[in-house]
Participant: 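Below you will find the structure I want to go over with you.
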2 protein chains.
Amino acid sequence: MNYVNKGRLAHDQVSELTTNRLSVYLRCLNQVIDGAGVTTVSSQLLADQFGLNAAQIRKDLAYFGEFGVRGVGYYVKDLRGNLRQILGLDRHLRVAIMGAGNLGLALADYPGFRQEGFEIGGLFDVANEKIGQESRGGVLTYDVKELKRLARRERFDIAMIAVPASRAQPVVDLVVSVGIKAILNFSPGVLKVPNNVKLKGVDLTVSLESLSFFLAQDNAGG
Amino acid sequence: MNYVNKGRLAHDQVSELTTNRLSVYLRCLNQVIDGAGVTTVSSQLLADQFGLNAAQIRKDLAYFGEFGVRGVGYYVKDLRGNLRQILGLDRHLRVAIMGAGNLGLALADYPGFRQEGFEIGGLFDVANEKIGQESRGGVLTYDVKELKRLARRERFDIAMIAVPASRAQPVVDLVVSVGIKAILNFSPGVLKVPNNVKLKGVDLTVSLESLSFFLAQDNAGG
DNA sequence: TTTTGTGAACTAGTTCACAGCT
DNA sequence: AGCTGTGAACTAGTTCACAAAA
């Protein structure tokens, strides 16, 4: 541990809203770095530039340590390093994608994942015609029966679920059984996992229907 | 309007957390209908079966009308109809997908969208080799320059943004300029839209990094 | 009796505003 | 002077608990 822990993390539970924002802050810093050669940045500047709240940025960061310098702001490179460490991006996380359909293949080649240091270790499917095939980006599809064997060798940290809804629960059970502790689920519907496994859902139908609601109200309400 | 409005919708703003849950409730009801021939369901039963809170279900629904019967529960088919109407799914919404890369093509063929009555009207891209091509599911890719002309004819309600991050803002500006009022953004980063346009983001990097955070804490904290 | 609909109580999350450091 | 870090105030969201209705 390089950042000041303050002994909180073992006690309180950090809100998911906060962890999501940490990821956003990191992206903002990367953009700042890509831009002109600024070495420091204030919470106010970040807030203005990216539509955030300055106090919230400070509070989120202060939770993990005192990264800033009063009167100056945050040293961009230092803060970036600290955020990467807090988010666990200094490790090399390996991802298994369950389901080599359209969505699974798209996720396998999604450039944003590799950029932040995630490695897609393989696709897993039941369909014989898919097994042995590679995605455009070169990710190989394995028989789902091989997951157990490969999980040992490849040490998968995260699984993404991109199988049809009806197959999602058994696939999640399998993923949990091989010791994977973090799951990103793209299939619609509720899934059960043990408490020591973190499940995060990306629900496309809910997102789209929420937009539909907005349009319906908009047209009705005037 | 078939459901009791109570005149609230024009005044208060419904929380996005609530609208997301409405979509979840609808999916739960669909599953209940697929199962045994039950005609009524109580908030408690839904809560138990899908890991929700009964009071919250009742409160969310009560906001839009009195759909339940005391001592009985909710008539499943009626409630389903009311939810579909509230969410605007009784209309026929048309979707344009900006970007015919891996992700755009996967979205175009995603079965969950069609299932709830959304129609994918076309993919739009700048790459000449993609224009005129069809997705596996038969969605045609048009030149992005055609958006304006086609938007008039096809009356797109919703746009999904699946272009690289660097192209996202100009593409959103274009989408807004042709009169589309609801946008689902899959590209990472902050986008600006006028207030009368609803922008919703699905941020894959943030989701994955949030899982990474969990793993980092888990291993560090014991 | 059962279960809704809802005020009240509670919990979580955000923003303000300023002391304190550089 | 400028900006962080943070208690206090505020706002939003959830859950409780019960009166009212079937």
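Numbers restart at 1 for each chain; the letters A, B, ... are given by sequence-line order, proteins then strands.
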Participant: Quick one: salt bridge (Lys or Arg N to Asp or Glu O under 4.0 Å) partners of D109(A), sequence neighbours excluded?
Facilitator: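 Applying salt bridge (Lys or Arg N to Asp or Glu O under 4.0 Å) to D109(A) gives none.
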
Participant: Considering every strand and a 4.0 Å limit on heavy-atom distances, what is the contact class for S43(B): base, sugar-phosphate, or nothing?
Facilitator: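 Sugar-phosphate contact only - S43(B) comes under 4.0 Å of backbone atoms but never of a base.
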
Participant: Taking OH from Y63(A) and P from dG7(D), how many angstroms apart are they, rounded to a whole number?
Facilitator: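 Y63(A) atom OH is separated from dG7(D) atom P by 13 Å.
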
Participant: Using atom CD of Q44(A) as one end and atom C1' of dA1(D) as the other, report the distance to the nearest whole Å.
Facilitator: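 My rounded result for the distance is 16 Å.
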
Participant: Take the protein atom CZ of F64(B) and the nucleotide atom P of dT4(C), then report the distance between them rounded to whole Å.
Facilitator: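 The distance from CZ of F64(B) to P of dT4(C) comes to 18 Å, rounded to the nearest Å.
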
Participant: With sequence neighbours left out, what residues match Q56(B) under side chain to side chain donor-acceptor pair (under 3.5 Å)?
Facilitator: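 With sequence neighbours excluded, Q56(B) shows a side chain to side chain donor-acceptor pair (under 3.5 Å) to no residue whatsoever.
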
Participant: Check nucleotides 19-21 of chain D for protein N or O atoms closer than 3.5 Å to its own N or O atoms and list the pairs.
Facilitator:
unit_1	atom_1	unit_2	atom_2	d
dA20(D)	N3	R70(B)	NH1	2.9

Participant: With sequence neighbours left out, what residues match F156(B) under ring-ring contact (aromatic ring centres under 6.0 Å, His included)?
Facilitator: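 F156(B) satisfies ring-ring contact (aromatic ring centres under 6.0 Å, His included) with F124(B) only.
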
Participant: In whole angstrom, what separates L45(B)'s CG from dT4(C)'s C1'?
Facilitator: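 That distance rounds to 15 Å.
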
Participant: The criterion is salt bridge (Lys or Arg N to Asp or Glu O under 4.0 Å); which residues satisfy it with R94(B), sequence neighbours excluded?
Facilitator: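 Partners of R94(B) by the salt bridge (Lys or Arg N to Asp or Glu O under 4.0 Å) criterion, ordered by chain and then number, come out as E119(B), E154(B).
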
Participant: Mind calculating the distance between CG (L61(A)) and P (dC3(D)) to the nearest angstrom?
Facilitator: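 From L61(A) CG to dC3(D) P: 16 Å.
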
Participant: Run the ring-ring contact (aromatic ring centres under 6.0 Å, His included) test against F186(A) and tell me which residues pass, sequence neighbours left out.
Facilitator: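 So F186(A) forms no ring-ring contact (aromatic ring centres under 6.0 Å, His included) with any residue.
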
Participant: Just the rounded figure in Å: distance from P of dG5(C) to CD of E66(B).
Facilitator: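 Nearest whole value for this atom pair: 6 Å.
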
Participant: Verify the contact: side-chain N or O of Y74(B) to OP1 or OP2 of dG5(C), cut-off strictly under 4.0 Å; return yes or no.
Facilitator: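 So the side chain of Y74(B) is within the cut-off, an N or O lying under 4.0 Å from OP1 or OP2 of dG5(C).
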
Participant: Heavy-atom distance under 4.5 Å between the side chains of Y74(B) and L29(B), does that happen here?
Facilitator: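 Y74(B) vs L29(B): side chains apart.
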
Participant: Less than 4.0 angstrom between a side-chain N/O of N53(B) and OP1 or OP2 of dT14(D), yes or no?
Facilitator: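 No.
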
Participant: Could you write out each protein N or O paired with an N or O of nucleotides 10-13 of chain D at a distance under 3.5 Å?
Facilitator:
unit_1	atom_1	unit_2	atom_2	d
dG13(D)	OP1	S15(B)	OG	3.4

Participant: Does anything in residues 22-31 of chain A pair up under side chain to side chain donor-acceptor pair (under 3.5 Å), and if so which pairs, sequence neighbours excluded?
Facilitator: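 Output for this query lists S23(A)-E209(B), Y25(A)-D60(A), R27(A)-D203(B), N30(A)-R80(A), N30(A)-E116(A).
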
Participant: Is there side-chain contact between I183(A) and V176(A), with heavy atoms separated by less than 4.5 Å?
Facilitator: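 I183(A) reaches V176(A) side chain to side chain.
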
Participant: If you take atom types as modelled and just measure distance, does the side chain of K59(B) reach the base of dT15(D) with a donor-acceptor pair under 3.5 Å?
Facilitator: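 In this structure, the two groups form a donor-acceptor pair.
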
Participant: List the residues meeting salt bridge (Lys or Arg N to Asp or Glu O under 4.0 Å) with E16(B), not counting sequence neighbours, and say none if there are none.
Facilitator: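 Testing E16(B) for salt bridge (Lys or Arg N to Asp or Glu O under 4.0 Å), a comparison that skips the adjacent residues, returns K198(B), K200(B).
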
Participant: When the distance from CZ of F67(A) to C1' of dG5(D) is rounded to whole Å, what number comes out?
Facilitator: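 Rounded to whole Å, this separation is 13 Å.
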
Participant: Could you pick out which residue, A55(A) or D60(B), lies toward the 5' side of DNA chain C when each is mapped onto its nearest nucleotide?
Facilitator: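 The answer here is D60(B).
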
Participant: Without decimals, in angstroms, what is the distance between I57(A) CD1 and dT4(D) P?
Facilitator: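 So the CD1-P distance, I57(A) to dT4(D), works out to 9 Å.
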
